[in-house]
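Below is one structure; the comments refer to it alone.
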Number of protein chains: 2
Amino acid sequence: MSATNDFIEAKDDFISQWGALGTSWGISRTMAQVHALLMISPESISTDQCMEELQISRGNAHTNLKELVGWGLVRIVVKKGERKEFFEAEKDVWKVFTIVLRERKRREIDPAVELLKGCAERSKNVKSLEGQAFHKQINELQDFAIFASKVGETMSQLKYGPAIKFADKFLGLLPKDKSMK
Amino acid sequence: MSATNDFIEAKDDFISQWGALGTSWGISRTMAQVHALLMISPESISTDQCMEELQISRGNAHTNLKELVGWGLVRIVVKKGERKEFFEAEKDVWKVFTIVLRERKRREIDPAVELLKGCAERSKNVKSLEGQAFHKQINELQDFAIFASKVGETMSQLKYGPAIKFADKFLGLLPKDKSMK
DNA sequence: TCATGCTTTCAATACTTATTGAAAGTACCC
DNA sequence: GGGTACTTTCAATAAGTATTGAAAGCATGA
């Protein structure tokens with residue numbers, strides 16, 4: 001088996017399994033596959049190339065490419081002399097992480113904070129045992145949610161260097177060879 | 001409107017909306033609702049009470065209660081003189097967080113690390129431009145995934161106190177009134 | 001042993017979400 | 001204007017996931 005065949009196999013495997021993983025990350029399989037394809041393409045690609053590579057319909061390719069643009073994970077590129085749009089992914093892994101973190105915070109934490117705020121407010125004057133327990137639990141959840149929101153906010157604004165230094169110093173962790181970056 | 005009515009409304013609202021949020025957290029709506037119900041119940045509850053409160057079938061209640069037990073978010077309680085099982089949730093918010101974090105790491109990060117390891121291995125000897133780009137990108141993703149895995153691992157083992165001190169000191173964040181805990 | 005009360009399973013079904021493909025929209029050029 | 005090369009939308013459909021309810025399983029005690 002040649003290195004080239006290994007590579008083709010690895011590439012197909014990566015796209016297909018990254019897609020499957022996408023599901024557990026709360027994004028659709030196809031969107032994750034399109035993202036995978038773009039992350040490993042040295043050149044930007046067109047909607048037609050995307051359809052071809054992933055064997056999906058035009059509508060599907062279009063929707064997911066634009067959704068990725070919406071997330072800020074993919075940019076539209078216009079090539080001179082070409083009428084169609086090309087797409088290229090953000091390749092910097094830390095940037096990808098901060099973008100995804102910000103989006104997940106917005107979709108997963110912020111609404112929880114709002115909900116808890118409302119529930120805390122409406123239960124603050126309640127007398128019953130059940131009511132007291134409710135209010136206490138909601139308050140604790142709220143404190144945590146606000147805390148998580150702030151951590152997310154701060155992290156998503158951090159540059160790679162400071163983030164790594166931070167993690168290194170206080171968790172004693174480091175990805176190999178990255179301490180000098 | 002009495003405080004009691006506000007409370008009943010808040011409680012129903014909490015259960016129903018926590019369920020909706022569950023979806024974006026990658027767990028099923030019903031499982032999140034069951035969890036919500038248990039978190040705010042001062043007493044442990046039975047399968048029948050769960051069915052009653054949430055208006056769901058026995059099979060559904062059973063499956064989701066047991067799934068929560070599987071996660072470690074809910075415990076089975078046996079009451080003397082009672083033949084049926086009762087369920088109570090872990091109420092400590094930090095413990096809930098570390099349990100969920102561990103589970104999400106296991107389901108969302110670990111498989112990614114495995115995938116990337118395999119892809120890096122199979123593409124390390126490739127010569128083409130496309131192959132080189134692939135290998136480089138996979139390696140960067142792998143470094144990050146391993147890093148994230150370690151952060152998750154460490155965080156999920158942290159006790160609430162040290163975690164808060166840590167966050168306070170280096171992010172300048174604190175949930176109000178918690179610095180002395 | 002059988003009746004009772006509870007737990008567990010699972011095939012059928014309902015609900016939710018993703019995908020297709022064709023039609024409509026838009027922008028550019030001759 | 002009209003033709004061409006794309007992009008965008010969306011109703012129909014397919015695929016995936018959750019829920020039901022009834023039947024089977026299991027433990028207890030009369």
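The chains referred to below are lettered A, B, ... by the order of the sequence lines, with proteins before strands, and numbering in each begins at 1.
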Counting only heavy atoms from other residues, nucleotides and ligands, does the tally under 6.0 Å from NZ of B:Lys91 exceed 12?
yes

Could you check if a side-chain atom of [X] sits within less than 4.5 angstrom of a side-chain atom of [Y], using non-hydrogen atoms only?
{"X": "B:Val69", "Y": "B:Arg75", "answer": "no"}
{"X": "B:Phe97", "Y": "B:Met155", "answer": "yes"}
{"X": "A:Asp12", "Y": "A:Ser16", "answer": "no"}
{"X": "A:Ser44", "Y": "A:Lys79", "answer": "yes"}
{"X": "A:Met31", "Y": "A:Leu65", "answer": "no"}

Indicate whether any N or O donor in one side chain lies under 3.5 Å from an N or O acceptor in the other, for [X] and [Y].
{"X": "B:Gln157", "Y": "B:Glu153", "result": "yes"}
{"X": "A:Gln33", "Y": "A:Thr30", "result": "no"}
{"X": "A:Asp143", "Y": "A:Asn139", "result": "no"}

OP1 or OP2 of C:dT9 less than 4.0 angstrom from a side-chain nitrogen or oxygen of B:Thr63, does that happen here?
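So the side chain of B:Thr63 is outside the cut-off, no N or O lying under 4.0 Å from OP1 or OP2 of C:dT9.
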
For [X] and [N], give me the distance from atom [atom1] to atom [atom2], rounded to whole Å.
{"X": "B:Asn60", "N": "D:dT17", "atom1": "CG", "atom2": "P", "value": "16 Å"}
{"X": "B:Leu54", "N": "D:dT20", "atom1": "CG", "atom2": "C1'", "value": "15 Å"}
{"X": "A:Glu67", "N": "C:dT19", "atom1": "CD", "atom2": "P", "value": "11 Å"}
{"X": "A:Met51", "N": "D:dC6", "atom1": "CE", "atom2": "P", "value": "12 Å"}
{"X": "A:Leu65", "N": "C:dT19", "atom1": "CG", "atom2": "C1'", "value": "14 Å"}
{"X": "A:Ile27", "N": "C:dT17", "atom1": "CD1", "atom2": "P", "value": "16 Å"}
{"X": "B:Gln49", "N": "C:dT7", "atom1": "CD", "atom2": "P", "value": "12 Å"}
{"X": "A:Asp48", "N": "D:dC6", "atom1": "CG", "atom2": "P", "value": "7 Å"}

If you check the [X] side chain, which of [options] turns out closest?
{"X": "A:Glu85", "options": "C:dT19, D:dT8, C:dT8", "value": "D:dT8"}
{"X": "A:Thr23", "options": "D:dT17, D:dT19, C:dA18", "value": "D:dT17"}
{"X": "B:His62", "options": "C:dT20, D:dA18, C:dT9", "value": "C:dT9"}
{"X": "A:Lys84", "options": "C:dT20, D:dT9, D:dC6", "value": "D:dC6"}
{"X": "B:Ser57", "options": "D:dA18, D:dT20, C:dT7", "value": "D:dT20"}

Sort me out a list of protein N/O and nucleotides 12-16 of chain C N/O pairs below 3.5 Å, or just none if empty.
none

Taking for each residue the nucleotide of DNA chain C bearing the nearest heavy atom, is the 5' side occupied by B:Lys66 or by A:Asn64?
B:Lys66

If I compare all heavy atoms of B:Leu158 with all of B:Trp94, which pair ends up nearest, and what's the gap?
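The answer is O-NE1, 2.8 Å.
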
Grab the N/O contacts between the protein and nucleotides 23-30 of chain C below 3.5 Å, and write none if there aren't any.
none

